[in-house]
Protein chains: 2
Amino acid sequence: MNEIKTPPSGKAEPLQRLGEIGLSNFAPYLMNRIMGRYNADLRQEMTGLGLTTPKMRALAVLSVIDDLPISELAVYAVVEQSTLSRSLEQLASDGLVRRDPDPSDSRVTRIGITETGRAALDQLWPSMARIYAQMFKDIPDEERQAFVTTLQKMLKNIRKHDF
Amino acid sequence: MNEIKTPPSGKAEPLQRLGEIGLSNFAPYLMNRIMGRYNADLRQEMTGLGLTTPKMRALAVLSVIDDLPISELAVYAVVEQSTLSRSLEQLASDGLVRRDPDPSDSRVTRIGITETGRAALDQLWPSMARIYAQMFKDIPDEERQAFVTTLQKMLKNIRKHDF
DNA sequence: CAAAATAATATGCATTTGCAATTATAAATC
DNA sequence: GATTTATAATTGCAAATGCATATTATTTTG
């Protein structure tokens with residue numbers, strides 16, 4: 001009772017509606033709810049540090065993969081290119097990132113994180129880790145791992161780029 | 001190789017940084033990436049129908065749980081209350097929702113979906129279902145079910161309200 | 001190799017957003 | 001039961017967002 005009905009096989013069925021699935025069985029709904037809270041909670045911590053969600057995301061990505069072209073960073077950071085452009089302007093003027101012209105393609109600007117940028121992120125990290133831990137409270141390691149594995153498959157299924 | 005290091009046991013460890021975990025092992029990152037795509041893909045379909053993300057979310061929730069106070073709807077729909085207030089204004093004037101005063105508490109306005117609202121959502125639903133199917137392509141039913149179960153636990157862990 | 005098509009970034013602008021403050025009502029406290 | 005405190009919803013406003021476009025550089029094509 002309460003699981004998603006599986007089509008018997010093959011044949012196209014009259015599309016199951018959201019009301020029949022139920023909000024709490026619809027993965028995208030649950031994910032939006034969870035990430036809504038996660039991002040809102042984090043935003044509170046960021047404002048104290050003068051960061052916004054796009055800025056924080058850019059820094060977070062750069063802390064792992066450095067020296068990215070802006071367009072690639074936009075994909076990784078899940079921020080609109082135009083929004084990111086403006087965020088980077090500020091991050092650069094605050095000395096949290098560096099802008100380097102790409103030597104082989106002069107259209108490209110590569111973004112790198114500075115020591116100051118890393119420090120800013122480090123200040124935020126404990127909050128991120130805390131909210132992360134809260135999310136997975138009482139969820140066994142094995143389940144967590146399986147969950148991440150599924151997420152990786154989903155990203156592969158849905159993403160538009162190869163990264 | 002490439003899994004999250006588990007603290008040996010007990011003792012507090014020097015916090016593991018994001019770079020060590022890796023973006024593709026960090027669940028919130030993956031979830032933001034996936035939902036970013038999901039929402040962006042959906043937005044495209046919505047604009048054709050004159051809907052925005054907040055409006056669509058309100059309708060989607062109402063299609064499952066009707067006659068909600070605005071403040072509760074805001075939580076379910078993951079939309080800021082002030083934003084929702086304005087979205088509902090438009091939905092109401094377009095005849096997609098109904099606004100009823102709560103009989104027992106005159107501060108409260110209860111929102112209900114109209115037939116027209118349901119019809120609008122029905123028009124969008126095939127796209128939602130298609131993107132949903134794409135997300136879970138080649139992911140076995142059992143895995144999908146386990147994934148949703150974990151999501152439900154996570155929401156319980158992180159949410160601020162009892163619903 | 002000139003012309004056209006594609007790509008990376010920035011920017012103008014209208015719209016949307018989120019925060020704080022406001023208004024109206026209800027509940028709690030003294 | 002009057003006063004304080006809390007809750008629901010709206011609204012003013014500055015800031016952020018997304019789209020379309022502009023600009024510059026590269027690649028492709030004829």
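To find a chain, count down the sequence lines: A is the first, B the second, and so on, and within it residues start at 1.
- Take A:Tyr76 and apply the ring pair (Phe, Tyr, Trp, His ring centres under 6.0 Å) test, not counting sequence neighbours, and it matches A:Phe163.
- Every residue was checked against the salt bridge (charged side-chain N to carboxylate O under 4.0 Å, His left out) condition with B:Arg43, not counting sequence neighbours, and none meets it.
- Take A:Tyr29 and apply the ring pair (Phe, Tyr, Trp, His ring centres under 6.0 Å) test, not counting sequence neighbours, and it matches no residue.
- For A:Arg17, the salt bridge (charged side-chain N to carboxylate O under 4.0 Å, His left out) criterion is met by B:Asp122, not counting sequence neighbours.
- B:Arg99 has its CZ atom 15 Å from the P atom of D:dA8, to the nearest Å.
- End-to-end axis angle for the helix from C:dC1-D:dG30 to C:dC30-D:dG1, using five pairs per end and rounding to 10°, comes out at 30°.
- Across A:Asp105, A:Asp67, A:Asp66, A:Asp102, a single residue satisfies side-chain hydrogen bond (donor to acceptor under 3.5 Å, both in side chains) together with A:Arg110, and that is A:Asp102.
- Considering only residues two or more places apart in sequence or on other chains, B:Arg33 meets the salt bridge (charged side-chain N to carboxylate O under 4.0 Å, His left out) condition with none of them.
- Protein atom CD of B:Glu72 is 9 Å distant from nucleotide atom P of D:dA9, rounded to whole Å.
- When rounded to the nearest whole Å, the span between CE of A:Met46 and C1' of D:dA15 equals 14 Å.
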When every nucleotide of nucleotides 15-25 of chain C is labelled 5' to 3' by its protein contacts under 4.0 Å (heavy atoms), B for base, S for sugar-phosphate only, - for none, what sequence of letters results? --BBB-----B

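- A donor-acceptor contact shorter than 3.5 Å is absent between the side chain of B:Ser63 and the backbone of A:Gly19.
- Under the rule for a side-chain hydrogen bond (donor to acceptor under 3.5 Å, both in side chains), A:Arg99 has no partner lying at least two apart in sequence or in another chain.
- For B:Leu73 and D:dA8, the CG to P distance is 13 Å, given to the nearest whole Å.
- C:dA8 atom P lies 18 Å from atom CG of A:Asp100, rounded to whole Å.
- As a whole-Å value, the separation of B:Ile111 CD1 from D:dA8 P is 14 Å.
- The CE atom of A:Met56 sits 15 Å away from the P atom of D:dA16 (whole-angstrom rounding).
- Taking the salt bridge (charged side-chain N to carboxylate O under 4.0 Å, His left out) definition, one finds that B:Glu45 meets it with B:Arg130, sequence neighbours left out.
- Distance B:Asp102 CG to D:dA9 C1': 13 Å, rounded to the nearest Å.
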